[in-house]
Amino acid sequence: MNTVNLFTEGEPIQDTRAPEGPVEQRWDKRRFGGKLVNPANRRKLSVIVVGTGLAGGSAAATLGELGYHVKSFCYQDSPRRAHSIAAQGGINAAKNYRNDGDSIQRLFYDTVKGGDYRSRESNVYRLAQVSVEIIDQCVAQGVPFAREYGGLLDTRSFGGVQVSRTFYARGQTGQQLLLGAYQALERQVAAGTVEMFTRHEMLELIIVDGAARGIVARDMVTGEIETHTADAVVLASGGYGNVFFLSTNAKGCNVTATWRAHRKGALFANPCYTQIHPTCIPQSGDHQSKLTLMSESLRNDGRVWVPVAKGDKRDPREIPEDERDYYLERIYPSFGNLVPRDIASRAAKNVCDEGRGVGPGGLGVYLDFADAIQRLGRKAVADKYGNLFEMYERITGEDPFEVPMRIYPAVHYTMGGLWVDYDLQSTIPGLFVIGEANFSDHGANRLGASALMQGLADGYFVLPNTISDYLAKGPFPKVGDDHEAVVEARESVTGRIERLLSIDGDRTPDSFHRELGALMWEYCGMERTDEGLRKAIDRIRELREEFWTRVKVPGENEELNQALEKAGRIADFFELAELMCIDALHRTESCGGHFRAESQTPDGEALRDDEHFAYVAAWEYTGDAPVLHKENLEYENVKMVQRSYK
Ligand SMILES: Cc1cc2nc3c(=O)[nH]c(=O)nc-3n(C[C@H](O)[C@H](O)[C@H](O)COP(=O)(O)OP(=O)(O)OC[C@H]3O[C@@H](n4cnc5c(N)ncnc54)[C@H](O)[C@@H]3O)c2cc1C
């Protein structure tokens with residue numbers, strides 16, 4: 001592979017925080033080995049938390065409860081509007097309430113295997129351990145999880161597992177969990193430990209003597225550029241799936257917080273690992289700016305199929321059983337419709353590529369509930385999935401009780417993010433990264449219902465313990481607004497805003513975003529090739545140059561200016577997109593959601609190359625060609641094998 005000039009390779013990187021010894025004892029050892037801050041001293045220490053989703057909201061509430069002084073930021077008008085509120089299907093935990101063979105070991109194993117052996121064992125094991133505490137915490141807060149007739153918490157299954165470990169609140173699990181975290185956060189706001197800054201966007205990280213000491217934020221209503229300093233900074237700013245323009249993410253999701261930190265020295269890990277979710281409502285036209293997820297939970301009862309014959313345009317209800325291909329059940333009999341997302345997405349693409357897709361443009365497959373309705377009755381199906389069916393009908397005009405849903409894969413989640421060690425600390429001392437914003441637990445493919453688990457594990461249980469080891473080094477010298485690092489960070493923000501406003505070109509920020517997204521979907525989406533990725537890199541560079549000469553940002557800084565907000569975010573997406581393509585180009589193996597067409601098994605499955613690629617790719621920003629630092633992944637508790645769900 002000729003990647004000369006695209007990147008260089010630097011020193012390997014290592015996680016030095018996870019203790020040695022049996023994996024099941026590491027978290028206990030780390031907690032015991034870490035320094036504590038006594039309650040009186042906590043009041044003298046401050047932490048900035050960017051993000052109020054499940055990760056940031058739970059972290060800020062918990063740190064406030066512990067007695068630290070917390071400043072919490074989000075760009076929405078209320079913390080409870082963070083993107084986490086969109087989560088539908090559920091949250092995993094190894095409670096084994098069903099007595100179906102689940103355990104911490106099994107959740108650990110499923111997650112490592114599901115991630116195609118590209119995640120760190122110590123972190124994943126801890127995640128499985130902590131998962132059981134999350135459910136207790138949320139139940140205590142009053143989160144209304146679904147219950148069985150007898151009153152016990154109900155569970156269902158998600159992809160890539162054979163047990164039923166997903167706790168849920170109808171199709172609004174994220175909303176209910178976020179309300180739990182939000183009320184805990186508001187309690188601390190009322191108690192005075194947490195100061196809340198809504199409608200504030202972090203635009204720069206402040207580093208003093210090599211450590212993260214604050215942020216520059218723009219008040220999105222007045223345009224005022226503010227600096228905020230603290231003893232440590234936590235980024236919980238979510239994922240960057242919107243680099244593709246069309247995704248299931250909320251429109252506001254962006255990469256700016258983590259990208260700004262990356263530019264200041266935080267390594268960015270595995271940026272090319274993107275999750276394409278198999279069950280989304282197909283795109284209906286060019287006017288669209290957002291795609292809608294149909295929760296994976298639907299695959300518990302819905303059966304996925306396409307007609308056997310190419311180009312069969314009949315009403316699905318008129319196609320007899322023997323002329324249907326329930327291709328997931330056929331190819332993967334052990335897991336059937338509940339194979340992991342990467343596998344289900346690729347299988348859908350393959351049948352559509354064969355010309356057997358359904359709906360406009362042939363870009364869709366059926367998700368059919370006829371059997372479930374017959375077996376369980378309409379009411380039982382409505383009780384489980386009612387709001388999802390209603391949402392589908394409202395968007396498509398078709399009633400899934402009568403005709404099968406049509407679904408197609410769409411960008412949904414980003415496994416990549418800022419590199420963190422076992423303490424969730426980035427390569428910048430004092431900068432911690434939690435939730436979807438970090439890279440840590442899901443390897444090359446996240447299993448369904450594991451993001452909520454990770455966000456809450458990080459926020460309620462992991463970070464509050466590990467950050468104390470860092471804060472115990474305090475008291476830290478005060479940083480004033482006139483400190484040269486603060487002034488420099490503030491000036492870089494105002495300079496960038498002035499530059500964006502002064503271009504006064506002839507293209508909207510959205511038009512650039514749309515074009516960038518289409519490029520990324522074509523060349524860095526479900527299937528990637530050497531040739532396509534090189535093309536994409538060249539075109540991204542051209543488009544970025546064009547952006548900085550032709551973008552038009554109307555209005556002023558000193559007002560609510562959504563075009564300005566978008567332009568700043570898109571400028572960062574351009575830089576990220578290039579790194580994603582370089583990462584995807586250098587990784588010539590296929591693994592999880594990263595499918596390189598050149599690396600597949602004879603039957604079209606992802607073919608890993610463990611000898612050369614069993615590492616985390618952590619990229620350093622240089623302003624020129626990025627530098628690759630490799631963290632080797634070692635598996636002592638799970639054997640690396642070719643993944644099979646057959
Ligand atoms: C439609 C949908 C359904 C899903 N369903 C499930 C599910 O059922 N189960 C599951 O496990 N996962 C699910 N996921 C994934 C899961 O919802 C997310 O991964 C998770 O909620 C991310 O939480 P977070 O706290 O890391 O970030 P988010 O909830 O995205 O929060 C990010 C926060 O950061 C703030 N922020 C970002 N940048 C800045 C900035 N520059 N300045 C200030 N503030 C900033 C935002 O305001 C926001 O408060 C789903 C995802 C989608 C898109």
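Each residue takes its place number in the sequence, starting with 1. Whatever order the structure lists them in is the order used to number ligands and atoms, beginning at 1.
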Subject >> Flag, side chain of Asn92 to backbone of Gly448, donor-acceptor distance under 3.5 Å >> reply: yes
Original post:
To which protein heavy atom is atom 8 (O) of ligand 1 closest, and what is the distance rounded to 0.1 Å?
Top reply: Gly89 N, 2.6 Å
Subject >> Polar side-chain atom of Asn438 near backbone of Val433 as donor-acceptor pair, under 3.5 Å >> reply: yes
Original post:
Identify the closest protein heavy atom to atom 3 (C) of ligand 1: which residue and atom is it, and at what distance?
Top reply: Leu293 CD2, 3.3 Å
Original post:
N/O to N/O below 3.5 Å, does that happen between Cys253 and ligand 1?
Top reply: no
Original post:
Looking only at distance, does Gln88 have an N or O less than 3.5 Å from an N or O of ligand 1?
Top reply: yes
**OP:** Would you check whether Leu54 has a nitrogen or oxygen atom less than 3.5 angstrom from a nitrogen or oxygen atom of ligand 1?
**Re:** yes
Subject >> Closest to atom 26 (O) of ligand 1 (judged by heavy-atom distance), picking from Met202, Glu436, Arg569, Gln76 >> reply: Glu436
Subject >> Candidate with minimal heavy-atom separation from atom 9 (N) of ligand 1, of Gly90, Ser297, Ala169, Gly417 >> reply: Gly90
Original post:
Below 4.0 Å from any atom of ligand 1, is there a heavy atom belonging to Arg199?
Top reply: no
Subject >> Numbered atoms and elements of ligand 1 in range of Cys74, under 4.0 angstrom, heavy atoms >> reply: 44 (N), 47 (O), 49 (O)
Original post:
For atom 25 (O) of ligand 1, what's the nearest protein heavy atom and its distance?
Top reply: Ala55 N, 3.0 Å
**OP:** Could you tell me if any non-hydrogen atom of Ile91 lies under 4.0 Å from any atom of ligand 1?
**Re:** no
Original post:
Within the distance-only criterion (no hydrogens, no angle test), does the side chain of Thr414 pair as donor or acceptor with the backbone N or O of Tyr240 below 3.5 angstrom?
Top reply: yes
Subject >> Flag, side chain of Tyr75 to backbone of Cys253, donor-acceptor distance under 3.5 Å >> reply: yes
**OP:** Pick one of side chain, backbone, both or neither for how Arg446 approaches ligand 1, counting any non-hydrogen atom pair under 4.0 Å.
**Re:** side chain
Original post:
In ligand 1, which numbered atoms sit nearer than 4.0 Å to a non-hydrogen atom of His200?
Top reply: 42 (N), 43 (C)
**OP:** Provide, to 0.1 Å, the distance between atom 2 (C) of ligand 1 and the closest protein heavy atom, together with that atom's residue and name.
**Re:** His412 CE1, 3.4 Å
**OP:** Without swapping roles, check the side chain of Gln183 against the backbone of Gly180 for a donor-acceptor pair under 3.5 Å.
**Re:** yes
Original post:
Should you measure from each heavy atom of Gly238, which atoms of ligand 1 turn up under 4.0 Å away?
Top reply: 26 (O), 27 (O), 30 (O), 32 (C)
Subject >> Polar side-chain atom of Asn96 near backbone of Asp102 as donor-acceptor pair, under 3.5 Å >> reply: yes
Subject >> atom 49 (O) of ligand 1 [closest protein heavy-atom partner, distance rounded to 0.1 Å] >> reply: Thr52 N, 2.9 Å
**OP:** Just jot down the ligand 1 atoms closer than 4.0 angstrom to any heavy atom of Ala236, in number order.
**Re:** 32 (C), 33 (C), 34 (O)
Original post:
Which is closest to atom 17 (O) of ligand 1 in terms of heavy atoms, Ala87, Ala449, Gly448?
Top reply: Ala87
Original post:
When you measure from atom 21 (O) of ligand 1 to every protein heavy atom, which one gives the shortest distance, and what is it?
Top reply: Ser84 OG, 2.8 Å
Original post:
Would you call Thr173 a ligand 1 contact, heavy-atom distance under 4.0 Å?
Top reply: no
Original post:
Could Arg80 and Tyr182 be counted as a cation-pi pair, given that NZ or CZ must be under 6.0 Å from the ring centre and within 45° of the axis?
Top reply: yes
Subject >> Tyr645 six-ring centre to Lys113 NZ/CZ under 6.0 Å and within 45° of normal >> reply: yes
Original post:
Using the ring of each side chain (for Trp, its six-membered ring), is Tyr385 parallel, tilted or perpendicular to Phe369, with breaks at 30° and 60°?
Top reply: tilted
**OP:** Could you give me the CA-CA distance, side-chain angles and deciding distance for His513 and Phe573, then say whether ring pair (Phe, Tyr, Trp, His ring centres under 6.0 Å) is met?
**Re:** CA-CA 8 Å; His513 194 180; Phe573 274 143; 5.2 Å; yes
Original post:
So is Ile434 polar-close to ligand 1, meaning N/O to N/O under 3.5 Å?
Top reply: no
**OP:** Please work out whether the ring planes of Phe197 and Phe73 are parallel, tilted or perpendicular, with thresholds of 30° and 60°.
**Re:** parallel
Original post:
Are Gly239 and ligand 1 in contact, using a heavy-atom cut-off of under 4.0 Å?
Top reply: no
Subject >> Sub-4.0 Å atoms of ligand 1 with respect to non-hydrogen atoms of Tyr413 >> reply: 19 (O)
Original post:
Between Gly435 and ligand 1, is there a nitrogen or oxygen pair with a distance under 3.5 Å?
Top reply: no
Original post:
Within the structure, does Thr248 bring an N/O atom to less than 3.5 angstrom of an N/O atom in ligand 1?
Top reply: no
**OP:** Measure the distance from atom 35 (C) of ligand 1 to every protein heavy atom, then report the residue, atom name and distance (to 0.1 Å) of the closest one.
**Re:** Gly51 CA, 3.5 Å
**OP:** Please confirm whether Ser450 comes under 4.0 Å of ligand 1, counting heavy atoms of the residue only.
**Re:** yes
Original post:
Using 4.0 Å as the upper bound for N to carboxylate O, is an ion pair formed by Arg213 and Asp231?
Top reply: yes
Original post:
According to the interplanar angle, ranging from 0 to 90°, do the rings of Trp419 and Phe439 count as parallel (below 30°), tilted (30 to 60°) or perpendicular (above 60°)?
Top reply: parallel
**OP:** Report yes or no: does Asp441 contribute a side-chain atom to a donor-acceptor pair with the main-chain N or O of Ser119 at less than 3.5 Å?
**Re:** no
Original post:
Between Asp154 and Lys384, does at least one N-O distance fall below 4.0 Å, as a salt bridge requires?
Top reply: no
Original post:
Who gets closest to atom 39 (C) of ligand 1 by heavy atom: Tyr75, Tyr168, Phe73?
Top reply: Tyr75
Original post:
With only distance considered, is Ala451 within less than 3.5 Å of ligand 1 through an N or O on each side?
Top reply: yes
Original post:
Taking only heavy atoms of Gly53, which atoms of ligand 1 are found under 4.0 Å from at least one of them?
Top reply: 25 (O), 29 (O), 31 (O), 49 (O)
**OP:** Could you establish whether Gly174 and ligand 1 come within less than 4.0 Å of each other, counting only heavy atoms on the residue side?
**Re:** no
Original post:
Are the side chain of Asn337 and the backbone of Asp301 linked by a donor-acceptor contact shorter than 3.5 Å?
Top reply: no
**OP:** Name the closest protein heavy atom to atom 11 (O) of ligand 1, giving the residue it belongs to and the distance to 0.1 Å.
**Re:** Leu452 N, 2.8 Å
Original post:
Salt-bridged, Arg218 to Glu204, with N to O below 4.0 Å?
Top reply: no
Subject >> Point-to-point distance, once rounded to the nearest 0.5 Å, from CD of Gln275 to OG of Ser247 >> reply: 12.0 Å
